[in-house]
Chemist: 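I'd like to ask some things about the structure below.
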Amino acid sequence: MKIAALISGGVDSAVAVHRLVEQGHDITLFYIRIGRDDGTDGCMAEEDIEMCRLIAARYRLPFEVVELHQEYWDNVMEYALRTVREGRTPNPDIMCNRIIKFGYFEQRWGHHFDKTATGHYANTFVGPDGLIYLATAPDPVKDQTDFLAGIDYGQLSHLMFPIGDLPKKKVREIAESVDMPNAKRRDSQGICFLGKINYNDFIRRHLGERPGPIIEIETGRKLGEHRGYWFHTIGQRKGLGLSGGPWYVVGKCVADNAVYVSNGYDTEKQYGRTIHLDEMHWITKDPWPGDCRNVEIKFKNRHTPEFTPGRLTKLGEREYIVESSEKIQGIAPGQFTAIYSPDNKLCYGSGIITGRTTNAINT
């Protein structure tokens, strides 16, 4: 099979390539180059590309660096900055997978191959209906299906995940056993392709600073000042500069440039049980095309090892409500909630958290 393998320089994609080679596929390696907002690549990108060249040379595979700089900034980062400016919390990784890795890359390069392979911790599953579904990884800590919950069926059908059946520990063991040059390389952190970018510095460069009050929501008392509501997200605890904590961000007012906080680890203001979703997106098909009311599900409203049990009810064409069985911390408008089967084996899709309340009652 002809495989386009997306490789990043990290150990996960390297071991994915190793397994593909063992399986006897015809593989071409691709690195997607995304420059920083100052137009440079930075040292990290050059290190990544050099590592990719070492992997390609080791297995005698063709390797290409493909450019999607402008597409990334016009779409993913424009979306992220717009969402932050609106006072909501973006998820660039979901948009990056949908638009860049499995959007532009597939349209220009990937479609020439039988499959595109990545180092994601995820799986695919062929259901009794003959359709392909996005399935979770056995390692709940590393499962990345929530980052893939925005892709469409055409994209999923062309994907394969060579390490999706492995825990992270086993991936490291394989890398060490075959003397992979990046076997001990640390996992990258940060926004999608941008690596260890300082998020606040990035936001400051594009949106600047706008001082405003930090207000205790219960009393209306001003506790301090922030440098712009766009630096803060619902559920945030660190970086507020307040004494007598812990303090949690529980609300923001864009019009007044105000950030609202509440005190204490157990403050009820940071929790909720109802998540209102819009722009619901099903990857393979709508699992409940008829009357979706009070349907048992699991869900994630952030990247976490836990799958939370809840109930899903349809309110409109793409409007849904999730009623959680337990209190959820930091329900942030703009973030995505990924919807899973009750046994958390399949990821059906995702919707965007609106932050709105609803009078709908499940019965």
Side-chain angles (χ1 to χ4, degrees), residues 1-32 43-63 93 96-97 101-102 113-126 133-149 156 159-190 192-193 195-196 300 302-307 338 340 343-347:
M1 193 183 301
K2 286 184 61 179
I3 307 293
L6 290 176
I7 185 168
S8 65
V11 67
D12 295 331
S13 60
V15 173
V17 169
H18 173 76
R19 298 193 95 187
L20 291 171
V21 170
E22 284 191 321
Q23 293 163 13
H25 296 295
D26 177 6
I27 309 158
T28 299
L29 306 184
F30 291 90
Y31 177 91
I32 300 176
C43 296
M44 195 66 183
E46 293 307 318
E47 291 175 17
D48 289 340
I49 292 172
E50 183 57 32
M51 185 62 68
C52 293
R53 293 193 193 282
L54 289 174
I55 301 298
R58 178 191 179 121
Y59 292 103
R60 298 180 181 177
L61 299 174
F63 171 59
D93 293 288
C96 184
N97 284 327
K101 289 180 182 175
F102 312 128
F113 295 80
D114 297 315
K115 291 282 186 178
T116 294
T118 77
H120 282 98
Y121 287 86
N123 288 291
T124 55
F125 170 78
V126 179
Y133 291 84
L134 179 63
T136 54
D139 185 341
V141 174
K142 296 302 294 183
D143 177 72
Q144 293 175 304
T145 51
D146 51 324
F147 293 138
L148 297 165
L156 177 65
L159 287 174
M160 60 189 303
F161 307 108
I163 63 167
D165 61 325
L166 300 177
K168 180 71 178 196
K169 182 179 179 182
K170 182 62 176 177
V171 169
R172 288 282 186 192
E173 288 175 357
I174 292 173
E176 291 178 10
S177 70
V178 298
D179 294 321
M180 200 74 76
N182 56 3
K184 297 184 183 298
R185 198 180 192 204
R186 295 181 62 182
D187 292 342
S188 62
Q189 303 290 330
C192 198
F193 288 108
K196 296 179 181 180
K300 289 185 182 184
R302 62 182 50 177
H303 185 56
T304 171
E306 287 77 36
F307 298 85
Y340 295 84
D343 61 3
N344 53 260
K345 298 297 184 184
L346 301 179
C347 178

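Because only heavy atoms are used, hydrogens play no part in the values below, and waters and symmetry mates are left out as well, while side chains stay in.
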Chemist: Where is the tightest heavy-atom contact between Cys52 and Gly9, given as atom of each residue plus distance?
Modeler: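 Of all heavy-atom pairs spanning Cys52 and Gly9, the closest is SG-N, 3.4 Å.
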Chemist: Mind listing the closest non-hydrogen atom pair of Ala122 and Leu134 along with its distance?
Modeler: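 For Ala122 and Leu134, the tightest heavy-atom pair comes out as CB-CD1, 4.2 Å.
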Chemist: Hey, mind stepping through Val11 and Arg185 against side-chain contact (heavy atoms from CB on, under 4.5 Å) and telling me if it holds?
Modeler: CA-CA 7 Å; Val11 67; Arg185 198 180 192 204; 5.7 Å; no
Chemist: Looking at every heavy atom in both Ala16 and Gly119, which two are closest together, and how far apart are they?
Modeler: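 For Ala16 versus Gly119, the nearest heavy atoms are CB-CA, 4.2 Å.
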Chemist: Going by heavy atoms in the side chains, are Lys300 and Asp143 under 4.5 Å from each other?
Modeler: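 Counting from C-beta outward, Lys300 and Asp143 do come under 4.5 Å.
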Chemist: Can you name the one residue among Ile3, Leu20, Leu6, Val17 that meets side chain to side chain contact (heavy atoms under 4.5 Å, CB included) with Leu29?
Modeler: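 Result: among Ile3, Leu20, Leu6, Val17, Val17 is the only option passing the side chain to side chain contact (heavy atoms under 4.5 Å, CB included) with Leu29.
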Chemist: Kindly compute the distance separating OG1 (Thr118) from NZ (Lys101), expressed to the nearest 0.5 Å.
Modeler: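 Answer rounded to 0.5 Å: 7.0 Å.
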Chemist: Can you name the residues that form a side-chain hydrogen bond (donor to acceptor under 3.5 Å, both in side chains) with Asn344, not counting sequence neighbours?
Modeler: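 Only Lys298 meet the side-chain hydrogen bond (donor to acceptor under 3.5 Å, both in side chains) criterion with Asn344.
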Chemist: Give every residue pair that meets the salt bridge (charged side-chain N to carboxylate O under 4.0 Å, His left out) criterion with at least one member in residues 10-20, sequence neighbours excluded.
Modeler: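 The answer is Asp12-Lys168, Arg19-Asp165.
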Chemist: Mind checking ring-ring contact (aromatic ring centres under 6.0 Å, His included) for Tyr133 and listing every partner two or more places apart, or none if nothing turns up?
Modeler: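 Listed in chain order: nothing, the list is empty.
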Chemist: For Phe63, which residues count as a ring-ring contact (aromatic ring centres under 6.0 Å, His included) partner, sequence neighbours excluded?
Modeler: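 For Phe63, no residue satisfies ring-ring contact (aromatic ring centres under 6.0 Å, His included) once neighbours in sequence are set aside.
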Chemist: So, using side-chain hydrogen bond (donor to acceptor under 3.5 Å, both in side chains) as the criterion, who are the partners of Thr136 when residues are at least two apart?
Modeler: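 For Thr136 there are no side-chain hydrogen bond (donor to acceptor under 3.5 Å, both in side chains) partners, ignoring immediate neighbours.
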Chemist: With Phe307, which residues qualify under ring-ring contact (aromatic ring centres under 6.0 Å, His included), at least two apart?
Modeler: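 Partners of Phe307 under the ring-ring contact (aromatic ring centres under 6.0 Å, His included) test: Tyr340.
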Chemist: Can you check side-chain contact (heavy atoms from CB on, under 4.5 Å) on Ile174 and Ile163, steps first, answer last?
Modeler: CA-CA 11 Å; Ile174 292 173; Ile163 63 167; over 6 Å; no
Chemist: How many angstroms lie between atom CE of Met1 and atom CG of Asp26, to the nearest 0.5 angstrom?
Modeler: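 Output value for this atom pair is 11.0 Å.
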Chemist: Starting at CZ of Arg53, measure out to CD1 of Ile55 and round the result to the nearest 0.5 Å.
Modeler: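 CD1 of Ile55 is found 13.0 Å from CZ of Arg53.
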Chemist: Under the side-chain contact (heavy atoms from CB on, under 4.5 Å) rule, what do Tyr121 and Val141 come out as? Steps first, then yes or no, please.
Modeler: CA-CA 10 Å; Tyr121 287 86; Val141 174; over 6 Å; no
Chemist: For the CZ atom of Phe161 and the CG atom of Leu156, what is their distance to the nearest 0.5 Å?
Modeler: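 Taking CZ in Phe161 and CG in Leu156, the distance rounds to 6.5 Å.
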Chemist: By side-chain hydrogen bond (donor to acceptor under 3.5 Å, both in side chains), which residues pair with Asp179, not counting sequence neighbours?
Modeler: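 For Asp179 there are no side-chain hydrogen bond (donor to acceptor under 3.5 Å, both in side chains) partners, ignoring immediate neighbours.
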Chemist: Given side-chain contact (heavy atoms from CB on, under 4.5 Å), test Lys142 with Val171 step by step and report yes or no.
Modeler: CA-CA 11 Å; Lys142 296 302 294 183; Val171 169; over 6 Å; no
Chemist: Roughly how far, to the nearest 0.5 Å, is CZ of Phe147 from CG of Asn97?
Modeler: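 So the CG of Asn97 and the CZ of Phe147 are separated by 8.5 Å.
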Chemist: Could you tell me which residues satisfy side chain to side chain contact (heavy atoms under 4.5 Å, CB included) with Val126, sequence neighbours excluded, listed by chain and number?
Modeler: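 By the side chain to side chain contact (heavy atoms under 4.5 Å, CB included) rule, Val126 matches Ile132.
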Chemist: Under the side-chain hydrogen bond (donor to acceptor under 3.5 Å, both in side chains) rule, collect the residues that match up with Thr304, sequence neighbours excluded.
Modeler: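 Result, side-chain hydrogen bond (donor to acceptor under 3.5 Å, both in side chains) vs Thr304: Glu306.
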Chemist: Hey, what do you get for CD1 (Ile32) to CD1 (Ile7), rounding to the nearest 0.5 Å?
Modeler: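 Output value for this atom pair is 12.0 Å.
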Chemist: Only counting residues at least two apart or in another chain, list the ones meeting side chain to side chain contact (heavy atoms under 4.5 Å, CB included) with Ser8.
Modeler: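 Expected list: Ser13.
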Chemist: So, Asn123 side chain and Ala135 main chain: donor-acceptor pair closer than 3.5 Å or not?
Modeler: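 No.
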Chemist: Applying salt bridge (charged side-chain N to carboxylate O under 4.0 Å, His left out), which residue pairs with at least one partner in residues 169-178 are found, sequence neighbours left out?
Modeler: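 For residues 169-178: Arg172-Asp187, Glu176-Lys184.
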Chemist: ring-ring contact (aromatic ring centres under 6.0 Å, His included) with His18: which residues, sequence neighbours excluded?
Modeler: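 Checked His18 against ring-ring contact (aromatic ring centres under 6.0 Å, His included); matches are Tyr59.
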